Amino acid sequence: MSLIAGSYEKFLWGFKLKPLNTDPNSKTLTLTPLFSYPSHLSAITSLAAAGSAAASGGSDDTIQLYDLSHATSVGSLNDHAATVTSLSFFTRPDLSVPLNLVSGDAEGSFCIYEADPFVLLKSLKPHRKAINDLSLHPSGKLALTVGKDECLAMINLVRGRRSFYCRLGMEASLVDFNGDGDKFYLATEEKVTVHEAEDAKLVCEMENPKRVLCAEPGENGLLFTGGEDRGITAWDTNTGKVAYRIEDAHSTRVKGIVVMKSSSGDVANEDPYLVASGSSDGVIRVWDVRMAVKDNKPNPLAEANTKSRLTCKFTNLE
């Protein structure tokens, strides 16, 4: 299992999670550096990965592309005229390579690319102001976006046009489908809301003590959130209640969370209980969330310090 993260200092960081010794059943893990690469002219603001393909967006208005199997840059996309705020790949379950890449920027533009080769298929403007976040439905047929215009938009990716647009009344910073695609989550300041995907009906609300900066769906209806309270909270999205929590996971605000998954069996005995988090002071930690059920201040299984200001959420690589 591997992960990548981006920073204000223009660097893209890659780490691989391995057992500390040769015993594959060892509970002691380490984050081994894979690469650190100055990939943009200014801060990295968004990341996406699927298989060996990865993309990063920056405040230099470009999308950089990578082949992670060889740790090389394979080109760039220059179709945006503003900071690239969000990225996502679509990969069919029966394929190991992505079919499409979608992106949003600080002027409200949304681009749809074919991923092999990378060709711009459609560019549209679903928001009047910056797109804060986007999420692809598991079917690959639609995407949700939220923006600084305090609106939620649905993009029909088959026809390449906006099919739905509504005012939320508050600016949402995050949007994400769950793994099945039957629900989606919105984060607005301290509040996270769960909605039915079919009709956007409100399922439940979850109040955090401070602003939420990152969220990641987990197994069995769990949603992990982190932010300015420096902890990691696992919510039961069926009830809206806290399932468990890691207090003071970091000494500064949590900027990214990823539920780590593996197809290689490196540390498969831990799946799906490993969660990685990163903070604005550059520290990356890996947790066994089963320990958080017993103790709200467990010790991390592994830790790495990039000594840089991490800006965007982690992306897990199988």
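By convention here, the first residue in the shown sequence is residue 1. Note that the structure is a prediction, hence the values are computed from the model and not measured.
- For the pair Leu223/Asp176, no side-chain contact is recorded, criterion being any heavy-atom separation below 4.5 Å from C-beta on.
- Here the CG atom belonging to Asp61 is positioned 11.5 Å from the CG atom belonging to Asp79, to the nearest 0.5 angstrom.
- For the residue pair Val212 and Ala187, the shortest heavy atom distance occurs at CG1-CB, 4.4 Å.
- Other residues, nucleotides and ligands contribute more than 12 heavy atoms inside 6.0 Å of the CG atom of Leu95.
- By the 4.5 Å heavy-atom criterion applied to side chains, Asp60 and Lys10 are not counted as neighbours.
- Ring planes of Trp287 and His250: perpendicular class, angle over 60° (limits at 30 and 60°).
- Note on Leu87 and Leu120: same hydrophobic cluster, where clusters join Ile, Leu, Val, Met, Phe, Trp and Tyr whose side-chain heavy atoms are under 4.5 Å apart, directly or indirectly.
- Separating the CG atom in Leu174 from the CG atom in Leu186 is a distance of 9.0 Å, to the nearest 0.5 Å.
- Each of Thr30, Leu31, Val283, Leu29 was evaluated against Glu303; a single residue qualifies, Val283, per the side-chain contact (heavy atoms from CB on, under 4.5 Å) test.
- Atom CD of Glu198 is surrounded by 12 or fewer heavy atoms from other residues, nucleotides or ligands within 6.0 Å.
- For the pair Phe110/Pro126, a side-chain contact is recorded, criterion being any heavy-atom separation below 4.5 Å from C-beta on.
- Looking only at side-chain heavy atoms (C-beta outward), Leu142 and Phe177 come within less than 4.5 Å of each other.
- To the nearest 0.5 Å, atom OG1 of residue Thr193 and atom NZ of residue Lys183 are 13.5 Å apart.
- Residue Leu3 is grouped with residue Trp13 when hydrophobic side chains (ILVMFWY) are merged at heavy-atom distances under 4.5 angstrom, including chains of intermediate members.
- The shortest heavy-atom contact between Val203 and His195 is CG2-C, 4.0 Å.
- For the pair Ser280 and Arg309, the minimum side-chain heavy-atom distance is 4.5 Å or more.
- Not a single donor-acceptor pair under 3.5 Å links the side chain of Asp236 to the backbone N or O of Lys241.
- More than 12 non-hydrogen atoms from other residues, nucleotides or ligands lie less than 6.0 angstrom from CZ of Phe118.
- A salt bridge does not link Glu228 to Arg253: none of the charged nitrogens lies less than 4.0 Å from a carboxylate oxygen.
- The closest side-chain heavy-atom distance from Leu77 to Val84 is not below 4.5 Å.
- Closest non-hydrogen pair, Arg285 versus Ala249, comes out as NH1-O, 2.5 Å.
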**Request:** Determine, step by step, whether Leu144 and Phe164 satisfy the side chain to side chain contact (heavy atoms under 4.5 Å, CB included) criterion, reporting the C-alpha distance in whole Å, the side-chain angles of both residues, the deciding distance to 0.1 Å, and the verdict.
**Result:** CA-CA 9 Å; Leu144 292 177; Phe164 176 77; 6.0 Å; no
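- Nearest approach of Pro98 to Phe89, heavy atoms of both residues: CB-CD2, 3.5 Å.
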**Request:** Just do the side chain to side chain contact (heavy atoms under 4.5 Å, CB included) check on Leu157 and Lys141 with the steps written out, would you?
**Result:** CA-CA 5 Å; Leu157 298 176; Lys141 295 181 179 180; 5.7 Å; no
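- Between the CG atom in Asp105 and the OG atom in Ser103 there is a gap of 7.5 Å [rounded to 0.5 Å].
- Using a 4.5 Å cut-off on side-chain heavy atoms (C-beta onward), Pro298 and Ile246 make contact.
- Side-chain atoms of Thr85 and Ser46, non-hydrogen and from C-beta on, never get closer than 4.5 Å to each other.
- Residue Glu107 holds its CD atom at 9.0 Å from OG1 of Thr83, rounded to the nearest 0.5 Å.
- When all heavy atoms of Ser39 and Gln64 are compared, the pair lying nearest together is O-CG, 3.4 Å.
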**Message:** Set out, in order, the CA-CA distance, both residues' side-chain angles and the distance that settles side chain to side chain contact (heavy atoms under 4.5 Å, CB included) for Ile284 and Leu310, then state yes or no.
**Reply:** CA-CA 9 Å; Ile284 299 170; Leu310 299 181; 3.9 Å; yes
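- By the 6.0 Å contact criterion, NZ on Lys129 is open, its count of non-hydrogen atoms from other residues, nucleotides or ligands being 12 or less.
- Checked by atom type, the side-chain pair Asn178/Thr237 shows no donor-acceptor distance below 3.5 Å.
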**Message:** For a side chain to side chain contact (heavy atoms under 4.5 Å, CB included) check, start with the C-alpha distance between His127 and Asn132, then their side-chain angles and the critical distance, and finish with the verdict.
**Reply:** CA-CA 10 Å; His127 291 268; Asn132 289 333; over 6 Å; no
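- The backbone N or O of Thr225 sits nowhere less than 3.5 Å from a side-chain atom of Thr233 that would complete a donor-acceptor pair.
- Of all heavy-atom pairs spanning Asp67 and His70, the tightest one is OD2-ND1, 3.0 Å.
- Without hydrogens or angle criteria, Arg167 side chain to Asp149 main chain gives a donor-acceptor distance under 3.5 Å.
- No hydrogens or angles considered: nothing links the side chains of Ser135 and Tyr185 as a donor-acceptor pair under 3.5 Å.
- Ion pair Glu247/Arg245 flagged as a salt bridge, since at least one NZ, NE, NH1 or NH2 atom sits closer than 4.0 Å to an Asp/Glu carboxylate oxygen.
- Cluster annotation: Val194 is not connected to Phe184 through the hydrophobic network of ILVMFWY side chains, with a link wherever side-chain heavy atoms come within less than 4.5 Å.
- Clustering ILVMFWY residues whenever any of their side-chain heavy atoms sit less than 4.5 angstrom apart, transitively, puts Met291 in a cluster other than the one holding Leu274.
- Linking ILVMFWY side-chain heavy atoms closer than 4.5 Å, directly or via other members, places Ile257 and Leu213 in two distinct hydrophobic clusters.
- Note on Lys201 versus Asp199: no salt bridge recorded, every NZ/NE/NH1/NH2 to OD/OE distance being 4.0 Å or above.
- Residue Glu189 holds its CD atom at 11.5 Å from CG of Asn208, rounded to the nearest 0.5 Å.
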